[in-house]
Trainee: 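Following this message is one structure expressed as structure tokens.
So you know, we letter chains A, B, ... as the sequences are listed, proteins then strands, and number each from 1. Worth knowing before you read on, the calculation uses all heavy atoms, side chains too, and leaves out hydrogens, waters and symmetry mates.
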Number of protein chains: 2
Amino acid sequence: MTVMTGSKAAAKRETRMSEILDCAENNFVEKGFHGAGISGIAKECGISVGHLYHYFASKDLLIEAVVERELMRQKERLGDFCNLNAAEIRDQIAPLVIDIIMKHQDPFRTVLNFEILAEAQRNPSVAAILHRYDGEIRDQFCAVLEKAGITTPFLRTEMLFTLFAGIPARTLRHPEQERPQFIEMMKPIITKILVGENLPVK
Amino acid sequence: MTVMTGSKAAAKRETRMSEILDCAENNFVEKGFHGAGISGIAKECGISVGHLYHYFASKDLLIEAVVERELMRQKERLGDFCNLNAAEIRDQIAPLVIDIIMKHQDPFRTVLNFEILAEAQRNPSVAAILHRYDGEIRDQFCAVLEKAGITTPFLRTEMLFTLFAGIPARTLRHPEQERPQFIEMMKPIITKILVGENLPVK
DNA sequence: AGCACTAGATAGAGCGTTCATTCTATTTTG
DNA sequence: CAAAATAGAATGAACGCTCTATCTAGTGCT
């Protein structure tokens, strides 16, 4: 396969890597980054352990790749929001933001997300990836607010993201929560956060 | 030591168990529930592996004990809030709540908290402990709001706890966040959550 | 008071398993 | 034919846990 017309070989390699990432993600979700083992991942993927190591040179690198992919997906999901125009944002801000949150409500993703947060506290490489993507996502969202003429966008973004981050954490602690009422109450809060009166910048 | 006047023996046992829990907590914080090993915990504690098993019959039980203790502490911390009188709560609600959050901002505790949330997703015993304590904490806080004559206390508590839960998650993703401005902005939001106009209960 | 007894405290070697990783060998394929 | 794809055994360390043996300190008897 020495000369598999370059790009075709590369494409196949990408596909295989993506399959491995899928299986790794499943295992990490079920057992955690440290509870899951390479051999289990290889087995689910239908390949040998040795072969897996041809694609990811260590378990740490595999973890980092899974984290990176998940954060990239989070970024893409928020990207939908950026295509809205200024008027839509100003008038429909709360329901639009609720829409985004609902898309985030895949419980599967939630599991992985907490695994990432826990790991970031002791694995500097994972922390670095997390911080990089958070910066990109934050800047992206800030730009939308600025486009809509909203003041102090950085601060408002920070507050809104804090509320977002709290939702899955809260759901984990209280799964029986009354969802519809909760979502209804969230609307005025989000409105207050995004278009409430400006703060005296001390 | 057959008859070490009962209570004295029990007290010593409690002390030793508490020491073991301290060391286990340290190790879990540093390496995660699954990354940390029994032998490492025993070593830090200065006891043998066999001896540790006389106090905690399995690693799972040790994890559960650490989780239980941490949640009990969280409950106690919120307990401070319950001693305030109705007038204080109504007039000073935002700064009082901020005070509580500040007490929660021990980064060490944050680490353990995310470990617990991640573990709760795959360990039903840990999930049960988490749900039980969340119920107790929630009821406790609701009672305070009711005492202050605040309407729809359950919904407001849910929303406030969501914001609380978001703070450490947000900090993990963006550690360089401007803290003082953030806290300042949180005040009107908390006020809105706790004493904003009532929702139309559909 | 002093001795023997006993049950809990404690240590640490050992068990079987699984871990991440490496190595060598074989098969596929351009 | 050569190089990449693939398999799977082998390695050494670490894992959770058990087992046995020793030590220690109260108790009851004299």
Trainee: Can you check the B/Ile20 CD1 to C/dA11 P distance for me, whole Å?
Mentor: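 These atoms are roughly 10 Å apart.
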Trainee: Name the one of A/Glu25, A/Glu64, A/Glu76 that satisfies salt bridge (Lys or Arg N to Asp or Glu O under 4.0 Å) with A/Arg69?
Mentor: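 In the set A/Glu25, A/Glu64, A/Glu76, the residue that makes a salt bridge (Lys or Arg N to Asp or Glu O under 4.0 Å) with A/Arg69 is A/Glu25.
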Trainee: Suppose we screen for side chain to side chain donor-acceptor pair (under 3.5 Å). Which residues come up paired with A/Asp80, at least two apart in sequence or across chains?
Mentor: A/Lys103
Trainee: Return the value, rounded to whole Å, for the distance between atom CG of A/Leu61 and atom C1' of C/dA20.
Mentor: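 Those two atoms, CG and C1', are 13 Å apart.
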Trainee: Using atom CE of B/Met17 as one end and atom C1' of C/dG8 as the other, report the distance to the nearest whole Å.
Mentor: 15 Å
Trainee: For B/Phe33 and D/dG16, what is the distance between atoms CZ and C1' respectively, to the nearest whole Å?
Mentor: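 Atom-to-atom, B/Phe33 to D/dG16, this comes out as 17 Å.
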Trainee: Once you round it to whole Å, what is the distance between P of D/dC15 and OH of B/Tyr53?
Mentor: 11 Å
Trainee: Expressed as a whole number of angstroms, how long is the span from B/Leu62:CG to D/dC17:C1'?
Mentor: 13 Å
Trainee: Among residues two or more places apart or on two chains, list those pairs meeting ring-ring contact (aromatic ring centres under 6.0 Å, His included) that have a residue in residues 138-159 of chain B.
Mentor: B/Phe81-B/Phe141, B/Phe141-B/Phe161
Trainee: Between the protein and nucleotides 17-19 of chain C, which nitrogen or oxygen pairs are less than 3.5 angstrom apart?
Mentor:
none

Trainee: What's the spacing between B/Ile93 CD1 and B/Ile190 CD1 if we round to 0.5 Å?
Mentor: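 If we round to the nearest 0.5 Å, B/Ile93:CD1 and B/Ile190:CD1 are 9.0 Å apart.
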Trainee: Just the atom pairs and distances: protein N or O near nucleotides 6-8 of chain D's N or O, under 3.5 Å.
Mentor:
{"residue": "D/dT6", "atom": "OP2", "partner": "A/Arg16", "partner atom": "NH1", "Å": "3.4"}
{"residue": "D/dT6", "atom": "OP2", "partner": "A/His51", "partner atom": "NE2", "Å": "2.6"}
{"residue": "D/dT6", "atom": "OP2", "partner": "A/Tyr55", "partner atom": "OH", "Å": "3.3"}
{"residue": "D/dT6", "atom": "O5'", "partner": "A/His51", "partner atom": "NE2", "Å": "3.1"}
{"residue": "D/dA7", "atom": "OP2", "partner": "A/Ser48", "partner atom": "N", "Å": "2.9"}
{"residue": "D/dA7", "atom": "N7", "partner": "A/Ser48", "partner atom": "OG", "Å": "3.2"}

Trainee: Is a salt bridge present between B/Glu19 and B/Arg16, judged by a nitrogen-to-oxygen distance below 4.0 Å?
Mentor: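 Looking at B/Arg16 together with B/Glu19, the answer is yes, because their closest N to O distance falls below 4.0 Å.
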Trainee: Answer whether the closest heavy-atom distance between the side chains of B/Phe33 and B/Lys59 falls below 4.5 Å.
Mentor: no
Trainee: Within this structure, what is the NZ-to-P distance between A/Lys31 and D/dG16, rounded to whole angstrom?
Mentor: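 In whole Å, D/dG16 P and A/Lys31 NZ are 16 Å from each other.
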Trainee: Tell me the interatomic distance from A/Leu52, atom CG, to C/dC23, atom P, rounded to whole angstroms.
Mentor: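 It is 17 Å, rounded to the nearest whole Å.
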Trainee: Just verifying a value: how many Å separate A/Gln92 CD and A/Leu84 CG, rounded to the nearest 0.5 Å?
Mentor: 10.0 Å
Trainee: Output side-chain donor-acceptor pairs under 3.5 Å for residues 128-137 of chain A, partner residues at least two apart or in another chain, one line each.
Mentor:
{"residue": "A/His131", "atom": "ND1", "partner": "A/Ala127", "partner atom": "O", "Å": "3.3"}
{"residue": "A/His131", "atom": "NE2", "partner": "B/Leu172", "partner atom": "O", "Å": "3.1"}
{"residue": "A/Arg132", "atom": "NH2", "partner": "A/Glu68", "partner atom": "OE1", "Å": "3.3"}
{"residue": "A/Arg132", "atom": "NH2", "partner": "A/Glu68", "partner atom": "OE2", "Å": "3.3"}
{"residue": "A/Tyr133", "atom": "OH", "partner": "A/Glu68", "partner atom": "OE2", "Å": "3.0"}
{"residue": "A/Asp134", "atom": "OD1", "partner": "B/Arg170", "partner atom": "NH1", "Å": "2.7"}
{"residue": "A/Asp134", "atom": "OD1", "partner": "B/Arg173", "partner atom": "NE", "Å": "3.1"}
{"residue": "A/Asp134", "atom": "OD2", "partner": "A/Arg138", "partner atom": "NE", "Å": "3.3"}
{"residue": "A/Asp134", "atom": "OD2", "partner": "A/Arg138", "partner atom": "NH2", "Å": "3.2"}
{"residue": "A/Asp134", "atom": "OD2", "partner": "B/Arg170", "partner atom": "NH1", "Å": "3.4"}
{"residue": "A/Asp134", "atom": "OD2", "partner": "B/Arg170", "partner atom": "NH2", "Å": "2.8"}
{"residue": "A/Glu136", "atom": "OE1", "partner": "A/Lys75", "partner atom": "NZ", "Å": "2.7"}

Trainee: Compile the donor-acceptor pairs under 3.5 Å between side chains in residues 44-54 of chain A and protein atoms, sequence neighbours left out, one pair per line.
Mentor:
{"residue": "A/Glu44", "atom": "OE1", "partner": "A/Asn27", "partner atom": "ND2", "Å": "2.8"}
{"residue": "A/Glu44", "atom": "OE2", "partner": "A/Asn26", "partner atom": "ND2", "Å": "2.9"}
{"residue": "A/Ser48", "atom": "OG", "partner": "A/His51", "partner atom": "N", "Å": "3.1"}
{"residue": "A/His54", "atom": "ND1", "partner": "A/Gly50", "partner atom": "O", "Å": "3.3"}

